[in-house]
A.B. asks: 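Right, I'll just put the structure down here and ask away after.
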Amino acid sequence: MEKISSSSAQNSEEWQKRETLKKEIKQKINNYINNLDDSSHNQYLYLLIVEDSQEHHLCYLENSIYEIGRRHDADIILRDLSVSRTHATIVKEYNQEENLFFYKIIDGSLSGNKSKNGLVINNKKFGSKYLEHGDLIIFGDHAKARFFVIDKNSQNQDFFNIVNFEKTNNLDEDSYAKKTLNNNNYNVKEIDSQPENISDYIAKLGSFAELSPYPIIEINLQGKITYYNPATGFLFPDLKDEKMNHPILINLLKAEHKIHGNLFVREVCYYDKIFEQYIHYLPELKVIRIYIFDFTKRKQIEAKLKDSEAKYRAVVEQISEGIFLFNAENNKIIEANESVTRILGFSLEELIGENIETFLNNKNFDFRHKLRLLKQTKASFREELRLKAKNRESVYVELSISIINYQNQLVFCSVFRDIGQRKLLEEQLKFQAYHDSLTGLYKRNYFREYAAKKINTFHRKKYYLAVAFFDIDYFKEINDSYGHDVGDMLLQNFTERIKYCLKKRDCLARWGGDEFVALFGNIKEIQDLIVIVERILQSVRRPFVFDGVTINASTSIGVAVYPLHGDSVDCLLKKADEALYETKRNGRDGYTIAGSMMN
């Protein structure tokens, strides 16, 4: 049972509140119909609008039995004290011959216990009754309901012409429940006629009907054809012989018009054509009037469209890429496929209606600008960005966006795929291209690029840049004596000690074997450079201990300074290398600055 807000309007606000309630109910019913499973073969929606203490509830009848009353476990609960605990029971019945469902209401319970104040329908008391479209059911002083049968496929669902939310105590409920849709919708004007002037009525009808290209038929309540126009005879030449057994008239007198009130619509197949019949039950004239339209082409088009849409949706739901449709005016998401929920972890309910920018990992002004250009140029674009995910920080995606016309509005169609694994692999390959696998330091190719960039952008003449070469003294002998595993651990520990002595902006790389190179930036004076070099020497002189092995090591250093010793990377590397060999010739475990050859 779906609860609707109360509309107890008073005085000048009464009309407005009643209209608001009507719109609210109609919107909820339309939403309910639109969300129904397409596989449902039932053409009609059976509905009770229940009023109880100035509250309105929508009850969509689908089950076989509904108990109505004041009991807390009743299927439809009424809180009016004048209502019995089990006041009435609604039972669903099925007519196999007509392929129709009926709902029958019974006073009291199925076990035979009657209600205390009876079952009143359209101002008459009943022990039981088959419910008809528009029936008004009174349960108590403040509890009532109205029954509707809505053709889900009909374009004419404005049933509010018989719904009135004002007090109904002074109304003629019997006539009130029998009102019908305005026949002017079908270009036929009803006349206030009594049985004795039926011939006058037929004569007036003839001026319209005889010239109509659409079949029009009238039958009386006994099943006799009283009139049909020339278009009927042309399309259905066998009608005269088959009469009520003809496919377009069969079953019209049984029950459907009684259940659905004054108007209902049905489809009829006649040979290879499909017709839609608008059937009016006119109790004042005691006739049934039928308008027939050939809907064969429309049904064929609908079938093709439905098949095309089904194929489209099947493809959309099966593909691994995520698809967003979002409004081109406010960027709110209006549709998403299942792959979006799988990639991002959000449910469709959490996605629909949200602004697409909600799911961008960071504020992306460039993305907004591209969307504006897309609206102007209609030229789609592609980019890589991060989208927020529900159960992880973000997802790296490759996203392409185009603009399309969808349901009579411009929308952005975005298709994206998770490229997290690809980006991770790219990062790994990039890391491997520039980093040494043993020490994690940069390789010489990266160092050259980095140093060249620094030199090209280094214009502060009062500061220096320095390039320094290192190697581990007697590393070959250590490696031969203790094995390659110990040699590798020495290289790794040596790296950590050098890194500890450098600033964050300095760059350290492994040149090859036991040779390393570093770039020192922002050196104010040579003495500052000497302090750094001395710190490195002292750090390396401390014993290295691992796996029960103690190794005493030292390092030799050669340094070249920009711009004192050169203005290019190659020149500085050459000068630093020469200074390193000068240190080795002088006994190792020290440093040499190019030009000065001091140690």
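Small disclaimer: the values here were computed from a predicted structure and weren't measured. Throughout, residue positions are numbered sequentially from 1 according to the sequence presented. Note: hydrogens, waters and symmetry copies are ignored here, and every other heavy atom, side chains too, is used.
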A.B. asks: Taking only residues two or more places apart in sequence, or in another chain, which ones meet Thr555 in a side chain to side chain donor-acceptor pair (under 3.5 Å)?
C.D. replies: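 Partners of Thr555 by the side chain to side chain donor-acceptor pair (under 3.5 Å) criterion come out as none, since no residue qualifies.
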A.B. asks: Quick one: ring pair (Phe, Tyr, Trp, His ring centres under 6.0 Å) pairs with a partner in residues 375-399, sequence neighbours left out?
C.D. replies: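 The answer is none; no pair qualifies.
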A.B. asks: Which residue in the set Leu344, Ile343, Leu387 passes side chain to side chain contact (heavy atoms under 4.5 Å, CB included) when paired with Asp418?
C.D. replies: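 The option that passes is Ile343.
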A.B. asks: Could you tell me whether Lys378 atom NZ has more than 12 heavy atoms of other residues or ligands within 6.0 Å of it?
C.D. replies: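 Yes, enclosed.
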A.B. asks: Determine whether more than 12 heavy atoms belonging to other residues, nucleotides or ligands lie under 6.0 Å from atom CD of Gln421.
C.D. replies: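 Count not over threshold, so no.
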A.B. asks: Taking the six-membered ring where the residue is Trp, are the ring centres of Phe494 and Phe544 under 6.0 Å apart?
C.D. replies: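 When the ring centroids of Phe494 and Phe544 are compared, they turn out to be at least 6.0 Å apart.
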A.B. asks: Determine, step by step, whether Val340 and Asn337 satisfy the side chain to side chain contact (heavy atoms under 4.5 Å, CB included) criterion, reporting the C-alpha distance in whole Å, the side-chain angles of both residues, the deciding distance to 0.1 Å, and the verdict.
C.D. replies: CA-CA 6 Å; Val340 173; Asn337 69 345; 3.2 Å; yes
A.B. asks: Return the orientation label for the Phe412 and Phe326 ring planes: parallel under 30°, perpendicular over 60°, tilted otherwise.
C.D. replies: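 Answer is tilted, since the angle falls between 30° and 60°.
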A.B. asks: Can you name the residues that form a side chain to side chain donor-acceptor pair (under 3.5 Å) with Glu384, not counting sequence neighbours?
C.D. replies: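 If we apply the side chain to side chain donor-acceptor pair (under 3.5 Å) test to Glu384, skipping adjacent residues, the hits are Arg422, Lys423.
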A.B. asks: Using the ring centroid of each side chain, check whether Trp511 and Phe469 are separated by less than 6.0 Å.
C.D. replies: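 Trp511 vs Phe469: aromatic centres under 6.0 Å.
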A.B. asks: Going by side chain to side chain donor-acceptor pair (under 3.5 Å), name the residues that satisfy it together with Arg386, two or more places apart in sequence or in a different chain.
C.D. replies: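 For Arg386 the side chain to side chain donor-acceptor pair (under 3.5 Å) partners, ignoring immediate neighbours, are Ser394.
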A.B. asks: With sequence neighbours left out, write down each residue that passes side chain to side chain donor-acceptor pair (under 3.5 Å) with Asn552, or none if nothing qualifies.
C.D. replies: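 With neighbours one apart ignored, the set is empty.
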A.B. asks: Suppose we call two aromatic rings close when their centres sit under 6.0 Å apart. Are Phe346 and Phe359 close by that rule?
C.D. replies: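 Ring-ring flag for Phe346/Phe359: true, centres closer than 6.0 Å.
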A.B. asks: May I ask you to check if Arg588 and Tyr474 form a cation-pi contact, with NZ or CZ under 6.0 angstrom from the six-membered ring centre and within 45° of the axis?
C.D. replies: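 Relative to the ring axis of Tyr474, which defines the angle, Arg588 lies inside both limits.
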A.B. asks: In residues 484-492, what donor-acceptor pairs under 3.5 Å come from side-chain atoms, sequence neighbours left out?
C.D. replies:
residue : atom : partner : partner atom : Å
His484  : ND1  : Asn479  : ND2          : 3.0
Gln492  : NE2  : Leu438  : O            : 3.3

